[in-house]
Amino acid sequence: MAGKGPRIAVCPGSYDPVTNGHVDIITRVARIFDKVVVGVVDQPVRKEKTLFSGEERREFIREAIADLGNVEVEVFSNLLVEFARQHDAAAIVKGLRAISDFEYEFEMNQLNRKLAPELESVYVFASPNYSFLSSTGVKEMATFGGDVSDLVPGPVAGALIERLKR
Ligand code: ADP
């Protein structure tokens, strides 16, 4: 979307829960766009039932990015390109980790391009420290009592222990 007005990016994901890798991407995107809308997918198709509700996932992100003045967080349950249009976004921005994300993102890129040719998709490489960090991996570690305090924001680490206690 060319022209005037603030440059807005949408960063979609399931964020179940948000990790330091997500926070790193959001922080970096917030430096290059005027405004970032983090879109929390309410019920992801690709995943089984989420561990945390949409509202819980949203609040974890809000807490983690509270010091960033130009980031908003919202739960959405419509089509991503519709959500992006509602927010007048110029781009969908996604983080790319080691290899594994590529094939899926490549396919989604083609589909979204077909649905919304005016909306550009932009990919930001994960920082090396977080290249192998996923929400799924974090949940698995936490389930078996692993220490995840270096991988997720503090409140998330606490909530994971609470939720996954067996
Ligand atoms: P996950 O695969 O961890 O469940 P999400 O579906 O919540 O991730 O992903 C939201 C976005 O964040 C996606 O663009 C994903 O590629 C990206 N992402 C996830 N983890 C990281 C990470 N550790 N570093 C960079 N980007 C990431």
Side-chain angles (χ1 to χ4, degrees), residues 8-33 35-65 68 71-81 83-84 87 89-113 115-116 119-143 146-157 159-160 163-164:
I8 301 169
V10 161
C11 291
S14 35
Y15 302 103
D16 185 40
V18 67
T19 67
N20 291 344
H22 293 128
V23 175
D24 178 60
I25 295 287
I26 295 165
T27 306
R28 288 161 57 201
V29 176
R31 286 194 206 117
I32 53 177
F33 280 84
K35 184 173 134 187
V36 177
V37 181
V38 178
V40 178
V41 181
D42 195 12
Q43 286 170 335
V45 178
R46 195 159 58 110
K47 320 244 159 107
E48 293 190 12
K49 197 177 171 332
T50 57
L51 181 63
F52 296 102
S53 72
E55 286 68 33
E56 288 173 317
R57 285 176 279 143
R58 182 190 63 206
E59 291 312 307
F60 287 141
I61 303 171
R62 282 194 179 153
E63 241 179 307
I65 53 89
L68 301 177
V71 181
E72 281 173 18
V73 191
E74 263 186 46
V75 178
F76 75 104
S77 47
N78 54 344
L79 203 57
L80 172 59
V81 298
F83 179 73
H87 287 279
I92 295 171
V93 184
K94 307 208 69 182
L96 271 192
R97 287 163 295 192
I99 315 177
S100 55
D101 284 331
F102 182 81
E103 201 162 336
Y104 174 78
E105 295 300 345
F106 192 69
E107 183 184 337
M108 287 313 292
N109 181 287
Q110 310 283 320
L111 294 172
N112 287 335
R113 184 189 297 270
L115 294 172
L119 193 63
E120 198 57 64
S121 293
V122 174
Y123 301 88
V124 176
F125 277 111
S127 300
N129 285 353
Y130 304 128
S131 257
F132 294 97
L133 177 57
S134 69
S135 299
T136 308
V138 164
K139 283 182 279 195
E140 199 161 307
M141 276 181 71
T143 303
D147 180 10
V148 295
S149 56
D150 284 348
L151 308 176
V152 295
V156 175
L160 275 168
R163 187 69 47 105
L164 291 170

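The basis for the numbers below is simple: all heavy atoms, side chains too, and nothing from hydrogens, waters or symmetry mates. Just so you know, ligand 1 is whichever comes first in the structure, and atom 1 is the first atom listed for that ligand. Here the structure is a predicted model, which is why all the values come from computation and not from measurement.
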Heavy atoms from other residues, nucleotides or ligands near CZ of Arg62 exceed 12 (cutoff 6.0 Å): yes
Glu140 atom CD, neighbour heavy-atom count above 12 within 6.0 Å: no
Could you say whether the N/O atoms of [X] and ligand 1 ever approach to under 3.5 Å?
X	result
Ser131	no
Arg97	yes
Ser135	yes
Gly95	yes

Atom 24 (N) of ligand 1: the protein heavy-atom neighbour that sits closest, reported with distance to 0.1 Å: Ala126 CB, 3.4 Å
Closest protein heavy atom to atom 1 (P) of ligand 1, given as residue, atom name and distance to 0.1 Å: Lys47 NZ, 3.8 Å
Provide the number and element of each atom of ligand 1 under 4.0 Å from a heavy atom of [X].
X	result
Ser14	4 (O), 5 (P), 6 (O), 7 (O)
Ser134	3 (O)
Tyr130	22 (C), 23 (N), 24 (N)
Tyr15	7 (O)

Judged by atom type as modelled, is there a donor-acceptor pair below 3.5 Å linking the side chain of [X] to the main-chain atoms of [Y]?
X	Y	result
Arg28	Phe125	yes
Arg97	Tyr130	no
Ser127	Asn129	no

Side chain, backbone, both or neither: Pro12 near ligand 1, heavy atoms under 4.0 Å: backbone
For ligand 1, the portion of Leu133 having any non-hydrogen atom under 4.0 Å away: both
Option of least heavy-atom distance to atom 25 (C) of ligand 1 (set: Val124, Leu151, Ile25): Ile25
From the candidates Lys94, His22, Lys139, the one that places a heavy atom nearest atom 12 (O) of ligand 1: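 Looking at heavy atoms only, the winner is His22.
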Closest approach of Ser149 to Asp147 (non-hydrogen atoms, all atoms of both residues):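 Heavy atoms of Ser149 and Asp147 come nearest at OG-OD1, 2.7 Å.
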Which atom of Ala142 lies closest to which atom of Leu160, heavy atoms considered: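 In terms of heavy atoms, the two residues are closest at CB-CB, 4.2 Å.
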pair Asp101-Tyr123: side-chain heavy atoms closer than 4.5 Å: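 Sidechains of Tyr123 and Asp101: no contact.
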Test item: Pro17 and Lys139 side chains (from C-beta on) under 4.5 Å apart, heavy atoms: yes
Min heavy-atom dist Thr136 to ligand 1 below 4.0 Å: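 Thr136 does not count as a contact of ligand 1 under the 4.0 Å cut-off.
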Step-by-step side-chain contact (heavy atoms from CB on, under 4.5 Å) determination, Val40 to Val73: CA-CA 7 Å; Val40 178; Val73 191; 3.9 Å; yes
